[in-house]
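Just so we're clear, the structure is a prediction, and the values are computed from it rather than from any experiment. Letters A, B, ... are given to chains in the order of the sequence lines, protein chains preceding strands, and every chain is numbered from 1.
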Protein chains: 2
Amino acid sequence: MTIYDIAKKAGVSSATISRVLNHGPVKPSTKERVLKIIEKENFFPDSSGVYLKKLKTKKIGLVIPDISNPVYPVTVRIIHDFLKKRGYHLIFGNTYGEVSEEKDVLEMMSRERVAGIIVATCEGEDDTSLYPMFRRMSENMSIIFLGEKRDSLMVDAFTVDSLKGMYKITRYLLNTGKRNIGFIAGSKSLRATEERLQGYQRALKERDVAFNPDNVICEGLYNIDYGKKWGKILLEKGVDAVVCGNDLLAVGVIKAAEKMNIKIPDDVAVTGFDDIFLGSLVKPALTTVRQPVDIVKSGCECLIERIEGRKTGEPEEILFEPEIVIRESA
Amino acid sequence: MTIYDIAKKAGVSSATISRVLNHGPVKPSTKERVLKIIEKENFFPDSSGVYLKKLKTKKIGLVIPDISNPVYPVTVRIIHDFLKKRGYHLIFGNTYGEVSEEKDVLEMMSRERVAGIIVATCEGEDDTSLYPMFRRMSENMSIIFLGEKRDSLMVDAFTVDSLKGMYKITRYLLNTGKRNIGFIAGSKSLRATEERLQGYQRALKERDVAFNPDNVICEGLYNIDYGKKWGKILLEKGVDAVVCGNDLLAVGVIKAAEKMNIKIPDDVAVTGFDDIFLGSLVKPALTTVRQPVDIVKSGCECLIERIEGRKTGEPEEILFEPEIVIRESA
DNA sequence: ATTTATTTTGTAACCGTATACATTAGCATG
DNA sequence: CATGCTAATGTATACGGTTACAAAATAAAT
């Protein structure tokens, strides 16, 4: 079923059908007649044809590390809903922190001629292959970065000030009297890890608490298992608090403490980062750093503005300041 | 940049470029020359053109109620990975249990001419609008249903035998000596709710335990808040166990018990359904019913087989038998 | 060297839609 | 009733690919 078939049934030309389907001027009576036929035949015009003719699609690519990581589903939901309202829809790709996977995904989206891409990964900053790819692609489509700060600002970036976040929560711990505070960042290779470490250090310095490198672990991944592993090590060292680079790590630490019969928060305080839903359900509920939800909406808004040409000019970086959420674990 | 541009640069015709891009026979030397140019220009052929010509896309629609519901992310990940390996990619739509949203999503996928659709929702069985839509669409593309049993079998369905699951876990509770077992199903309108209730009843009957309608709640949604609400009511009635229609409800019940100072599992046992990740982290860890992971892969496999014409014939329903996972809450 | 078979390449049509431009219909005006 | 004007519709082409078919180039066989 094509517009030609509809045209034949309605006794008009394909152009008239197209005009009915879009915004063209059509005599009300024929419009009605055509619409009735379209309805009856359950006809929906083929996007491939539309896209090909217009050289522009309504597809948006979403690049994330792993949808099964509990940080992302909520974000994806917000993005989905926002874009749907604006007439776009999502093509979706997991990258699992692999540069090669991310390349695959970006290539696929390139072929699909997505109107824009939302990148929530942060791989390949030092890699020679991914950044040039972004640069090239950004000439043909709009791209935004979401989440972590980037080294180079080639596209609009909506990032959370994790330095500030870590600073805030470390300061909070210091305020509650903790002095021997451990720190579990994730993998060294991420820029955000460095950021977070700085926030932690700034808070210590401000209170004249000596920085003890033995209390800091910058290795492994941002998941529960590493939280358990590093948590055990730090708890054995006798820290009185553990600041974690994300909530999953913190949950791991809580589990480790549980096994060691260490009471949280009485013996040791534990904090997370991200404020995932899980954190509020775990026992004790997680004290953590929440990134403002607006970051996602602002990002989407900006992306659409770029795509539809209402926003032009140099890429911007917009920094969102996170807030701490105090629950039971600290 | 199009194949014509590439053709010009390579001094050949567009057909040759197309043949290089696909599997056509091309002289090795020209093939190499063309590939070099394609590489240099970072050219990727426009899918719209390809799709339009072939009248078939590499897009798969995924229809789920809500990605931020923790049941789905893992499923989505499995689907994503499977499809990627087979050269397909995902277009994604949340429906929030709304027939109108689901219609929107299906219409969008219709326009996109997706090669197939994976439906993990279960709305509109009794509704007049959604099922006819599926039926029509299934003439042009492959569709599979994932998850719950359906009334009518118009497409392949990969479902979990929730009756059996509920039967098994209720039997387990009876084996541990529980006799006054409450039951929280979700909304009455879902077919699965009925199924689960039957499983619960079958187990009771088998052990000659009288069925007490007062212990059964068939209302509300499958989420934590309703778990808390109904949990409180059942706990106040003095049940010695609560069987829940899914894990979120069970977590809610655990939270309610916590507030009421009721000890789980000593005072009251609680069980869930689905085995989401969260269940293993909550305290006490959830005893629940796990649906086999294979259900998703089998579904995907079947979908691709249908799409690529290797599977034909009448739609099948494949029923997967769930297993119980015993942890701490029962 | 000529014929024949095979490999390689080119030409042109087509997929479904949008739209610039041309045409026709409808209507008011003098 | 011819004229001019606007509204409605039609015609034809382009978008970026693929592919049937034709043609040319090369290799093999006589």
Side-chain angles (χ1 to χ4, degrees), chain A residues 1-38 41-59 87 107-115 140-141 308, chain B residues 1-38 41-59 87 107-115 140-141 308:
Chain A
M1 186 69 52
T2 73
I3 53 169
Y4 289 98
D5 301 318
I6 302 290
K8 198 171 286 172
K9 284 180 204 290
V12 294
S13 79
S14 68
T16 299
I17 308 300
S18 180
R19 281 189 278 258
V20 169
L21 253 19
N22 298 291
H23 6 70
V26 186
K27 184 157 68 163
S29 64
T30 53
K31 182 170 187 170
E32 201 188 344
R33 184 158 42 95
V34 168
L35 282 176
K36 220 165 250 166
I37 294 173
I38 288 178
E41 302 289 334
N42 291 296
F43 170 74
F44 301 115
D46 187 327
S47 295
S48 299
V50 179
Y51 294 157
L52 180 55
K53 180 65 202 177
K54 293 197 174 163
L55 295 182
K56 198 146 218 205
T57 75
K58 287 292 192 178
K59 300 178 256 192
E107 186 192 312
M108 175 271 282
M109 290 172 179
S110 228
R111 307 174 105 95
E112 291 290 325
R113 301 291 193 265
V114 293
N140 301 314
M141 59 187 74
E308 298 181 351
Chain B
M1 186 69 52
T2 74
I3 53 169
Y4 290 94
D5 301 318
I6 302 291
K8 197 171 287 172
K9 283 180 204 292
V12 294
S13 80
S14 68
T16 299
I17 308 299
S18 180
R19 280 189 278 258
V20 169
L21 253 19
N22 299 291
H23 353 72
V26 185
K27 183 155 71 164
S29 65
T30 53
K31 182 168 187 171
E32 202 187 345
R33 182 158 42 96
V34 168
L35 282 176
K36 222 165 248 164
I37 294 173
I38 288 178
E41 303 287 334
N42 290 298
F43 170 75
F44 300 115
D46 186 328
S47 294
S48 299
V50 178
Y51 293 157
L52 180 55
K53 180 64 204 185
K54 294 198 174 164
L55 296 182
K56 197 143 218 206
T57 75
K58 288 292 192 178
K59 300 178 256 192
E107 186 192 312
M108 176 271 282
M109 290 173 181
S110 230
R111 307 174 104 94
E112 291 289 325
R113 301 292 192 265
V114 293
N140 301 314
M141 60 187 75
E308 298 181 351

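Looking at residues two or more places apart in sequence or on another chain, you find no salt bridge (charged side-chain N to carboxylate O under 4.0 Å, His left out) involving A:Arg33. Checked against salt bridge (charged side-chain N to carboxylate O under 4.0 Å, His left out), B:Arg19 has no partners two or more places apart in sequence or in another chain. Partners of B:Glu308 by side chain to side chain contact (heavy atoms under 4.5 Å, CB included), not counting sequence neighbours, listed by chain and number: B:Lys58, B:Tyr88, B:Ile304, B:Arg310. Listed by chain and number, the residues in a side-chain hydrogen bond (donor to acceptor under 3.5 Å, both in side chains) with A:Asn42 are B:Arg136 (sequence neighbours excluded). For B:Ser48, the side-chain hydrogen bond (donor to acceptor under 3.5 Å, both in side chains) criterion is met by B:Asp46, not counting sequence neighbours. Residues passing the side-chain hydrogen bond (donor to acceptor under 3.5 Å, both in side chains) test with B:Glu41, sequence neighbours excluded: none. Residues forming a side-chain hydrogen bond (donor to acceptor under 3.5 Å, both in side chains) with A:Thr57 (at least two apart in sequence, or on another chain): none.
Within residues 44-51 of chain B, the residues having any heavy atom under 4.0 Å from DNA chain D are, by residue number, B:Pro45, B:Asp46, B:Gly49, B:Val50. Taken residue by residue, residues 1-29 of chain B places heavy atoms nearer than 4.0 Å to DNA chain D at B:Thr2, B:Ile3, B:Tyr4, B:Ala15, B:Ser18, B:Asn22.
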Listed pairs under 3.5 Å, donor-acceptor, residues 22-31 of chain A side chains, sequence neighbours left out:
residue	atom	partner	partner atom	Å
A:Asn22	ND2	A:Ser18	O	2.7
A:Asn22	ND2	A:Ser18	OG	3.3
A:Thr30	OG1	A:Lys27	O	2.8

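Annotation: side chain of A:Ile17 is not in contact with side chain of A:Tyr4 (no heavy-atom distance under 4.5 Å).
Overall bending of the helix from C:dA1-D:dT30 to C:dG30-D:dC1, expressed as the angle between end axes built from five pairs apiece, is 50° (10° steps).
Close approach of DNA chain C to chain B, defined as any atom under 4.0 Å from a non-hydrogen atom of the protein, starts and stops at C:dT8 to C:dG16.
Of the two residues contacting DNA chain D, namely A:Arg33 and A:Lys54, the nearest-nucleotide position lying further toward the 5' end is that of A:Arg33.
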